[in-house]
Amino acid sequence: MKKYDFSKIEKKWQGEWKKSGIYEPSLKSGKTAKRKPFYNLMMFPYPSAEGLHVGNMYAFVGSDIYGRFKRMEGYDVFEPIGLDGFGIHSENYAIKVGMHPLAQSKISEKRFYKQLEMIGNGFSWNERVETYNPNYYRWTQWVFIEMWKRGLAYRKKQAVNWCPSCKTVLADEQVVGGACERCSSKVIKKELEQWSFRITRYADKLLKNLDHIDWSERVKIAQRNWIGKSEGTEIEFKISNSTKTLKVFTTRPDTLFGATYMVVAPEHEIISNFKFQISNYNEVEKYVKASREKSEEERVENKEKTGVELKGIKAINPANKKEIPIFAADYVLSGYGTGAIMAVPAHDERDFDFAKKFNLPIVVVISNGKTSESLTEAYIGDGELVNSGELNGLSVEDAKRKITNYVGGKFTTQFRLRDWVLSRQRYWGAPIPMIYCEACARLGMGEQKEMPGWYAEKEKNLPVLLPKVKEFRPKGKDESPLASVKSFYKVQCPVCKNDARRETDVSDTFLDSAWYFLRYPSVSDTKHAWNNSITKQWLPVNMYIGGAEHSVLHLLYSRFVTMVFKDAGLIDFEEPFTRFRAHGLLIKEGAKMSKSKGNVVNPDEYIKRFGADTLRTNLMFLAPFEQGGDFRDAGLIGVARFIERVWRLGQTVIEKKNKKPLCERAIHKAVKKVTEDIESLQYNTAISALMICLNEIEGKEVSVKEFELFLQLLAPFAPHITEELWSELGNKKSIHISGWPTYDPKKIIEENFMLVVQINGKVRATVDARRGINENDAKTMALGLETIKKFINNSEIKKVVFVPNRIINFVV
RNA sequence: GCCCGGGUGGUGAAAUGGUAGACACGAGGGACUUAAAAUCCCUUGCUGGUCAAACGGCGUGCCGGUUCGAGUCCGGCCCCGGGCACCA
């Protein structure tokens, strides 16, 4: 019998597939072609580390299986791949290995594409995208300009997240628990002028659309939380002896009578506006400075409240007209609401802590059985209003409405979501295509009134090429290394022709990946970011599979960018990904795979030892795909045996060429199960169904037709071996475009089944019964059993529960 | 603290409210072999019982409930993994 030489077979078919182009869809004809387009997308990798690890492969194979399934179902599947190679991650790696990022990118590219080929995915290789490639980032820059044109890109001095180790600004979404997402250094706040995108303008739509898109629920929940909508009231507090007011946002206006003091964020403008009225201004200034220098983590770690009173000014509670003190404290955030709050210590935990520490009055206004004196913690719950004048006796809900109207408050909505800070003070990214002219700025000239002096680079001048420079390392001077490259930044003002300066920051990597799915099918179009006719046929993406860690980064940014393009009339859909599924995390010995832990598994050696087909199938077999699991060598051997057995059975089938179908039921059962399981990404049970099927048909006289059906079911998981056996059986066309098997429900039904006989819900016997047996016959049959007779023992049968084709239960 | 997952044999896991542990790994036993590897067959939740069995009891993190019947539904708790976190 011929030996199963997987490395030869896999190499052979990978070559054949490339040659025949079976994974290249007809992008241009798309919908007019016989096969319907299906855009099957997976998240492209950062080519930064030593190569793909088995966790990447897990994600890609899981996505590929779905794509292969759809292709066999008759869709024209587009499954592109590329490299998200711009950005800090890749740059840091290049620095670490002492290479220039550009040179390193070429090395990584080769290695990654080779590895990606080895895993046997049905990639559409002709449409690769590398984000660091000028003919790609040219359009990333164009995207920036489109944002700018619509007033969605702006530059502003603001407190931003700064990573002292990466020496750059980070977006809110890139700060994880007060630390840098990439290097885990503590992030500090810095006042800098930065480019941002107004993603907050789309907060409502980003939230609302979540209700109708077919995405993994956990990702939708993460986005909902991140966007963080809360409904409340804006109330103005008068400042004594002043015409100025202090505005607050609160979700609990009903507790207004309990507001015994106010707090503003250290950055609040009231501090400088009342500089001369604040008698302890020096002390206040000291506090403001200290809190600014605190790292995010220090603020988070230390929940002990700090603050300082703004002595000399008071606010007036509009409900009871009492004068109350104003504090500055860093537990109030400048970026949320109005940056100021009314503090109700009796009914807010944070205010309670602060009031206790600073000895401030606590007034209970929602009845909860405690008095203001006996309260030991803030009461957040519902109740009837007390100590609240006319509001007494009202419910929380009624009081909210009444008091808001009474004090002239405004019902508003606040979002937790912040604008997307886009500038990065690094080298390896797409230069932001903007030009600043001081002369024009002085005259108030520029493309946008609120930002004098700024001009977007002309489209014909794109790309603004990233110059190849020796000094590419971050300098830590709040500016990019490009700020020292005169030939890069020195330009002529496009309007007044005076000397002008090009923006030297580069854009966040997440801008590169926010629109790449639009580029893939249109890579051949050199004149546009995307080709309208192709885009109409192929987008939005039908199925997107990727990691849940991108819930509030890439997946949110992509939705935002898509919405902007839709509103601009550039595309005709609003959501980029019709379906999104988050795969689980592949871990190793209970821990996340990471280089620092030294538990990264390289797939190459496994492919070498067992073959890609075995590794693919094993990865999908070890646990439910959407749950993830622990990668161990142990299970591999089981799958390797299974694949070997398929090979041996294949050889017998080829030799004997049986025509008579003898295994129909086993095969049809497998068709049903595998079809349903792949559609719902339950690959582990699909594989188990194939194993059960093989166990049944092995050793029997399997017909060629039956075995072919089996191969087709296995093909998405093990594309090479199935293709080899398929072709040895004499098929000329590839198995991967051979169609998906259907089953005949009649052939699955078995004539007999095991009738379970229970007494009081306990299984007491089983008996072989005819399918479709009625209650009476089942009863007679069951009562005739010796064991049942014994258990019933002449007791009265009170009730009989009969579930057709399953159980009969006697209640005695 | 809040929001998601999850807790089932020695292990990975499976189970429309209807025989818990499919499938696989591991382990034990056997066949083949001079031997080993590979392959094939049998056993394998715990426990009582017995030479063996028949036949029982107990079992899905814990406590309670609904139901003829609960891993699955409801209420309350504990533990593990992940995310968010002073968002007013």
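FYI, side chains are in, hydrogens and waters are out, and symmetry mates aren't considered; it's all heavy atoms of this structure. All chains are named by letter (A, B, ...) in the order of the sequence lines, taking the proteins before the strands, and each is independently numbered beginning at 1.
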Q.
Please classify the nucleic acid contact of A:I341 as base, sugar-phosphate, or nothing, using heavy-atom distances under 4.0 Å.
A. base
(Q) Measure CG/A:L690 against C1'/B:A14 and give the value in whole Å, please. (A) 15 Å
Q: Could you give the distance separating B:G21 and B:U39 at their C1' atoms, to the nearest angstrom?
A: 27 Å
Q) So what does A:N760 touch, heavy atoms closer than 4.0 Å: a base, only the sugar-phosphate, or nothing? A) sugar-phosphate
Q) Contact class for A:F354 vs. all strands (heavy atom < 4.0 Å): base, sugar-phosphate, or nothing? A) nothing
Q.
Without decimals, in angstroms, what is the distance between A:F642 CZ and B:A38 P?
A. 20 Å
What's touching nucleotides 19-28 of chain B from the protein side, N or O pairs under 3.5 Å?
unit_1	atom_1	unit_2	atom_2	d
B:A24	OP1	A:N695	ND2	3.1
B:C25	OP1	A:R641	NH1	2.4

Q) Expressed in angstrom and rounded to an integer, what is the separation of A:K762 atom NZ from B:G18 atom P? A) 18 Å
Q | A:F625 and A:H583 aromatic ring geometry - parallel, tilted or perpendicular at 30°/60° bounds | A | tilted
Q: Report yes or no: do A:R645 and A:N695 form a side-chain donor-acceptor pair below 3.5 Å?
A: yes
Q. To the nearest Å, how far apart are A:K789 NZ and B:C55 P?
A. 16 Å
Q. Rounded to whole angstrom units, what separation is found between the CD1 atom of A:I227 and the P atom of B:C3?
A. 18 Å
Q. Would you call A:K3 and A:D5 a salt bridge, using N to O less than 4.0 angstrom?
A. no
Q | B:G81 phosphate, OP1 or OP2, under 4.0 Å from A:Q627 side-chain N/O | A | no
Q.
Regarding B:C86, can its base be found pairing with the side chain of A:K305 as donor and acceptor, where the two atoms are less than 3.5 Å apart?
A. yes
(Q) Please convert RNA chain B into dot-bracket. A pair counts if it is Watson-Crick or G-U wobble with both distances under 3.5 Å; crossing pairs go in [ ] and bases paired with another strand get |. (A) (((((((..(((.....[....)))((((((.......))))))((((......))))..(((((..]....))))))))))))....
**Q.** Results of side chain to side chain contact (heavy atoms under 4.5 Å, CB included) for A:T412 - residues two or more places apart only
**A.** A:E234, A:F249, A:K410
Q: Would you indicate what A:S230 reaches in the nucleic acid, counting non-hydrogen atoms under 4.0 angstrom: base, sugar-phosphate, or nothing?
A: sugar-phosphate
Q: Check the angle between the aromatic planes of A:H554 and A:H550 and answer parallel, tilted or perpendicular using the 30° and 60° thresholds.
A: perpendicular
Q. Atom CG of A:D172 to atom P of B:C84: distance rounded to whole Å?
A. 11 Å
Q) Taking atom C1' in both B:C63 and B:U16, what distance in whole Å separates the two? A) 29 Å
Q | Cation-pi, A:W215 ring and A:R559 (6.0 angstrom, 45 degrees) | A | yes
Q: Let me know the distance between NZ of A:K779 and C1' of B:C68, rounded to the nearest Å.
A: 14 Å
Q) Considering only side-chain heavy atoms of A:P624, which listed nucleotide, B:G18, B:A14, B:A88, is closest? A) B:A14
